[in-house]
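Please read the structure below before turning to the comments.
Whatever order the structure lists ligands and atoms in, that order sets their numbers, starting from 1. Numbers here simply count residues along the sequence, with the first being 1.
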Amino acid sequence: MIFAANFKTNHTRATTKHYIEVLTQKLHAEKSDDRVYIFPPATALDRFEGAFTLGVQNAYPAVNGAYTGEIGLEQLEEFGINTILIGHSERRQILGESQESVAQKFAFFQEKGFEILYCIGEPLEIRERGDEAVMRHLLSQFEGIDVGYEKLIVAYEPIWAIGTGRSATVKEIASTHEALRQTIKKPLLYGGSVNAENIKEISKIAFVDGVLVGSASLDAERFASLVLR
Ligand code: 13P
């Protein structure tokens, strides 16, 4: 299973360092095939050692240049970062990233050989229209995306389940992942109110290869107990 922690705009450089120490200690005892990813805010990026992969939540598709407020490849290379989250619904919705700009970012970091954790997800009004509408929406979020890319991981995160404490039901996750598997032959993560309580159930669902966790990843001990389930 893949366990990815998305801190979003939480944690500082100091608390991230402490978090990684605690997590490393907790996960140390456990020998398993699980893969852990941590996506701290950009200000906390560093060269951390441990049995996890450090990734960036976002970056601009350029090596460097005049992109005020953004970081590019050069800033990531300083810390040996070669994993990126692309297409998160918060960036699409709050930061206004279009499918075109998401695809452009994807192509840039694909060309640079990054591992890409690519997020898709539908809003509630689409979910309420039924499975067909959901799939149409989700597949439209692969426009311009090379779904055959070898270092691609896909995260299905229904927007209405993010940060709401209301995870999608087992049935909803199962049917969506099964339908996605027809097109996506890469690891498929589920995200949206995953926590230490529902992880056992969610991890057993067919075609769920891992989880992308927001709120329940913020405390290192809680996240470790989720990973160790
Ligand atoms: P929550 O786990 O807080 O619902 O967030 C999910 C998410 O958006 C992870 O990227």
Side-chain angles (χ1 to χ4, degrees), residues 1-11 15-16 19 23 34-42 44-45 52-59 81 83-97 99 102 105-106 109 114-124 126-127 134 137-138 141-142 145 152-170 172-173 176-177 180 184 186-203 205 208-229:
M1 282 274 291
I2 293 170
F3 294 86
N6 177 8
F7 287 2
K8 308 189 178 181
T9 316
N10 299 290
H11 279 301
T15 64
T16 299
Y19 180 104
L23 187 74
D34 293 334
R35 275 154 64 196
V36 175
Y37 290 78
I38 315 274
F39 294 90
L45 296 179
F52 58 86
T53 299
L54 195 75
V56 69
Q57 293 174 23
N58 177 53
I81 307 287
T83 302
I84 186 168
L85 268 186
I86 294 180
H88 195 283
S89 60
E90 285 152 14
R91 294 210 57 87
R92 293 180 192 261
Q93 290 201 317
I94 305 171
L95 282 308
E97 283 190 11
Q99 184 58 33
V102 165
K105 197 174 284 192
F106 189 102
F109 286 101
F114 271 54
E115 184 166 27
I116 300 177
L117 219 153
Y118 184 70
C119 306
I120 55 167
E122 82 286 358
L124 189 56
I126 302 258
R127 172 53 69 177
V134 169
H137 182 83
L138 297 181
Q141 293 183 316
F142 287 111
I145 303 297
L152 168 66
I153 297 173
V154 170
Y156 166 58
E157 298 202 296
I159 296 169
W160 44 274
I162 294 178
T164 57
R166 182 195 151 191
S167 158
T169 63
V170 168
E172 285 165 334
I173 300 171
T176 310
H177 277 237
L180 280 171
I184 308 299
K186 304 292 167 184
L188 278 177
L189 314 188
Y190 167 76
S193 298
V194 175
N195 56 44
E197 288 71 50
N198 59 22
I199 184 64
K200 269 208 175 109
E201 192 174 51
I202 291 173
S203 62
I205 303 173
V208 171
D209 304 304
V211 285
L212 178 54
V213 188
S215 328
S217 76
L218 296 181
D219 179 88
E221 303 215 3
R222 259 185 94 196
F223 186 59
S225 68
L226 193 155
V227 173
L228 300 175
R229 66 210 181 276

Answer yes or no: is there a donor N or O on one side and an acceptor on the other, between the side chain of Tyr190 and the main chain of Ala168, under 3.5 Å?
yes
Atoms in ligand 1 flagged as close to Ser215, the criterion being non-hydrogen separation under 4.0 Å:
1 (P), 2 (O), 3 (O)
Rounded at 0.5 Å granularity, tell me how far CD1 in Ile184 sits from NE2 in His177.
11.5 Å
Polar-atom distance check: Leu212 versus ligand 1, any N or O pair below 3.5 Å?
no
Counting only nitrogen or oxygen atoms and a 3.5 angstrom limit, does Lys8 reach ligand 1?
yes
Kindly confirm or rule out an N or O of Gly163 lying under 3.5 angstrom from an N or O of ligand 1.
yes
Looking only at heavy atoms of Gly191, does any of them come nearer than 4.0 Å to an atom of ligand 1?
no
Using a 4.0 Å heavy-atom threshold (strictly under), name the region of Ile162 that reaches ligand 1: side chain, backbone, both or neither.
both
Atoms of ligand 1 close to Asn6 [distance to a heavy atom under 4.0 angstrom, numbered from 1]:
9 (C), 10 (O)
Whether the Arg222 and Ser215 side chains hold a donor-acceptor pair (N or O, under 3.5 Å, no angle test) is what I'd like checked.
no
Would you mind listing which atoms of ligand 1 come within a distance below 4.0 Å of any non-hydrogen atom of Ser193?
1 (P), 2 (O), 4 (O)
Below 4.5 Å, heavy atoms only, C-beta onward: do His137 and Pro123 meet side chain to side chain?
yes
Leu85 side chain near Tyr37 side chain, heavy-atom distance below 4.5 Å:
no
Interfacing atoms of ligand 1 (cut-off 4.0 Å, heavy-atom, Glu157):
6 (C), 7 (C), 8 (O), 9 (C), 10 (O)
Within the 4.0 Å heavy-atom cut-off, what Ser217 brings close to ligand 1 is neither
Quick check: does any side chain N or O of Gln57 sit under 3.5 Å from a backbone N or O of Phe39, one acting as donor and the other as acceptor?
yes
Looking only at distances, can you tell me whether any N or O atom of Glu90, backbone or side chain, sits closer than 3.5 Å to an N or O atom of ligand 1?
no
Counting distance only, does the side-chain N/O of His11 pair as donor-acceptor with the main-chain N or O of Leu218 below 3.5 Å?
yes
Can you find a heavy atom in the side chain of Glu97 that is under 4.5 Å from one in the side chain of Asn58?
yes
Does the pair Ile199 and Val213 meet the rule for a side chain to side chain contact (heavy atoms under 4.5 Å, CB included), with working shown?
CA-CA 10 Å; Ile199 184 64; Val213 188; over 6 Å; no
Just which atoms of ligand 1 are under 4.0 Å from any heavy atom in Ala161?
4 (O)
State the atoms of ligand 1, each with its element, that fall below the 4.0 Å cut-off from a heavy-atom position in His88.
7 (C), 8 (O), 9 (C), 10 (O)
Nearest-contact summary for atom 2 (O) of ligand 1 - protein heavy atom, Å:
Gly214 N, 2.8 Å
